[in-house]
Every structure is written in C-alpha cells, then in structure tokens.
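Presented below is the structure to which this report refers.
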Amino acid sequence: MNVAHRKTISSEATKLAYLAPHMDTPTEDLLAAGQSLSFKLQQTLDVEALLALFCEQASHIIPCSSVAFRNDEQSLFIYHGDKHDFTCQYTLELESELLGQVECSSHKAFSETDLMRLEHLLTLLLFPLRNALLYHQAVQMSQQDPLTLLPNRAAFNKAIDTEISRAYRHKHGMCMLVVDIDHFKSINDTYGHLAGDQVLQQVARSLESSVRKEDMVFRYGGEEFVILLNATNLPNARLTAERIRMELEAKSMKGLEVNLSVTASVGVSEWQDGEQANTLFHRADQALYSAKQSGRNQVKVA
Ligand SMILES: Nc1nc2c(ncn2[C@@H]2O[C@H](COP(=O)(O)OP(=O)(O)OP(=O)(O)O)[C@@H](O)[C@H]2O)c(=O)[nH]1
C-alpha cells in the first residue's frame, strides 16, 4: 500500500481561497463540484449514505475510487467503492472535536493538486458528517439500555423480524431464550437498588459470555433478558439455556458487600416455519412462567 499523505482536516484547513493560488488548473470546476457536493450532503443524515455520496462526487473531480471512514467512539467502520493501491489518510476534526479518520484510494498516485482538491472537498464534509454522527449516536442510544449497555427492547423489536426472515431464508432454525433472575426484588429490598443494578450488569456480562458472538442478548426490561440463538435447533438451545443457568448459579457477584449469587429461570422456544415474533416470544415466556411455577432456577421448553 502506498500511503501518499496523512493530515488533519479541520474546518479552517483548506478554504478555497487558500487553495486557488497553489493550483495549476482553474478552480471553477472545483467550485461547482463543491457546491453540488454541499447541496447533496445536506440531504441525508445517514453516515453511510453521506460517505457514498462523498466518494461519488469526489471521483468526478479527482481520482478517488474508494472512501473508508472510521470512528472508534461509535464503533463505526464504513467502506464505499473499490480499494486501490494508492491511498491518502486524513483525520477529520471540527471545532477541536474528533470526527474520525478517512482514507481515500486511487489506482494512481495522488498529485499535489489532487490532494488539495480532496482536502477542500473534505472541509465541506465536516459539518454534514458531524450532524450524521450525532444522529447515529442518538439512534444507537435509543436502542441501548444505559445500565447494562445491552441492546434494549426497542432493539429487540427491530432485530427479531430480521432474524426470523434470515431463519426463513436460510432454513437454519432459530431459538429464543427468555431469562429472568429469580427473586430479584428481594435483592433490591435486602441490599439496595444500587446493588441490584450491579447484579443486573454482571448478569448481562455473564449472559454475553455464555453465548456465541453471532447470538444476540437483549435487556428486555427489569430483570428479564431475551437471547436469540440463530442457526440453532431446540436440543442445542436447551443445552445453551442449561449452561447459562449453571454459569449464573456458580457465579459470585463482585464488588458487593456480601458474597451474593443469583439464579435464573429460563424459557425456551424454537421458531416454527411461518411463526410471528409475538407468538415465538409468548411461547418462550409461557415456558419461563412454567419454570418459575416449578420452583425457579430451571429451564423449561415450550
Ligand atoms: N436495581 C434495579 N432493580 C430493577 C430494575 N428494573 C427492575 N427492577 C426490579 O426488579 C424487581 C422485579 O421483581 P418481580 O417482578 O417481583 O420478580 P422477582 O422478585 O425476580 O421474582 P420472580 O421473577 O418471580 O422470581 C422489582 O423489584 C423491580 O423494581 C433496575 O434497573 N435496577
């Protein structure tokens, strides 16, 4: 890989007036491209669409075949176009705020003029990108439970339909676990709400570490969690539920004044061909109810 350039772009970095005297070609086309780009960038708050628009527009005026963008804070990595060997990288900043890193690639080396043009276009990206990042963050936050940092019920409602479609398309099965901490109210009542919060956080981590990376754990509400196990049949889902239950039972909650452990009851349901999300959930919830009725700290299958 041939990295031509590394630089920080901030709102003051490369104004057109500053660029013009350095350029050996007229700036009218750059001015027109900049106006068109600015106009288009105002039309979306989607970071991915924004970067795609930027790449397409930039490719009209400089050799730019791909744009990659990374923002670690929001765990964002976006890629658009076909990557080639010659690259240039920029750190984007706006009013001292780090927006992320961008890398453009081309099939031929960027000339000095190309780089100055690109830098001018990047300055036009800064404000729309910051707005899009703020929007992305707001959407992310609305889907995340602030206490456990797990995806919340809204995220579950969004994910379940996608997972059902995937299971239907690939014919690979899918199971749902509803996990509910036993006698959680008495933990709150005995040790206080803060201790209860810590227990919820540690249960969340335990659930995450008990399942595969491709499975999804949600905090459905209160002390209830939902887990989606994709490409999993009922016997394996039951084994997973049993493992989750045993790991929780064996776990000693850290950081609390007393040596506390918790147990959980689990309801399991397997998606039936053509079944809707609400009945799949209802069956798992009924199985959970049955586990509670049978004495708690156990797994029941719908
Ligand atoms: N600390 C804390 N407690 C919560 C939170 N959300 C819900 N709760 C508490 O969770 C408790 C749930 O109590 P119940 O629904 O009676 O269930 P339980 O005591 O676990 O009893 P079983 O489920 O029947 O075993 C209530 O006391 C809620 O106040 C939270 O975010 N933090």
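What you see below is based on every heavy atom in this structure, not just the backbone, and it leaves out hydrogens, waters and symmetry mates. Both counts, for ligands and for their atoms, begin at 1 and track the order of listing.
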Original post:
Nearest to atom 7 (C) of ligand 1, what protein heavy atom do you find, and at what distance?
Top reply: Gly222 CA, 3.4 Å
Original post:
For Leu147, is at least one N or O under 3.5 Å away from an N or O on ligand 1?
Top reply: no
Original post:
Do any nitrogen or oxygen atoms of Asn188 come within less than 3.5 Å of a nitrogen or oxygen of ligand 1?
Top reply: yes
Subject >> Option of least heavy-atom distance to atom 2 (C) of ligand 1 (set: Asp189, Asp145, Asp197, Asp180) >> reply: Asp197
Original post:
If we only count N/O pairs under 3.5 Å, is Phe184 in contact with ligand 1?
Top reply: yes
Original post:
Judged by modelled atom types alone, do Asp82 and Ser66 share a side-chain donor-acceptor pair under 3.5 Å?
Top reply: no
Original post:
Looking only at non-hydrogen atoms, which of Glu224, Lys292, Lys185 approaches atom 19 (O) of ligand 1 most closely?
Top reply: Lys185
Original post:
Going by distance alone, is a donor N or O of one side chain under 3.5 Å from an acceptor N or O of the other, for Asp182 and Thr263?
Top reply: yes
**OP:** Write out the residue and atom name of the closest protein heavy atom to atom 24 (O) of ligand 1, then the distance separating them to 0.1 Å.
**Re:** Arg296 NH2, 2.9 Å
Original post:
Side chains of Glu249 and Ser261: is there a donor and an acceptor less than 3.5 Å apart?
Top reply: no
Subject >> Shortest reach to atom 17 (O) of ligand 1 by a heavy atom, considering only Glu223, His193, Gln293 >> reply: Glu223
**OP:** Answer yes when Arg238 and Glu242 have at least one side-chain N-carboxylate O distance shorter than 4.0 Å, and no when they do not.
**Re:** no
Subject >> Side chains of Arg245 and Asn297, donor plus acceptor under 3.5 Å >> reply: yes
**OP:** Indicate whether any N or O donor in one side chain lies under 3.5 Å from an N or O acceptor in the other, for Thr240 and Arg212.
**Re:** no
Original post:
Do the ring planes of Tyr168 and Trp271 sit parallel (below 30°), tilted (30 to 60°) or perpendicular (above 60°)?
Top reply: perpendicular
Original post:
What is the closest protein heavy atom to atom 21 (O) of ligand 1, and at what distance does it sit?
Top reply: His183 N, 3.7 Å
Subject >> Ionic contact status for Glu56 with Lys40, cut-off 4.0 Å >> reply: no
**OP:** Would you mind telling me if ligand 1 is within reach of the side chain of Leu200, the backbone, both or neither, using heavy atoms under 4.0 Å?
**Re:** side chain
Original post:
What atoms in ligand 1 come closer than 4.0 Å to a heavy atom of Asp182?
Top reply: 20 (O), 25 (O)
Original post:
Without hydrogens or angle criteria, can the side chains of Thr87 and Ser105 be said to hold a donor-acceptor pair below 3.5 Å?
Top reply: no
Subject >> Proximal ligand 1 atoms for Gly196, defined as those under 4.0 Å from one of its heavy atoms >> reply: 1 (N)
**OP:** Please identify which atoms of ligand 1 are closer than 4.0 Å to at least one heavy atom of Arg219.
**Re:** 5 (C), 6 (N), 30 (C), 31 (O)
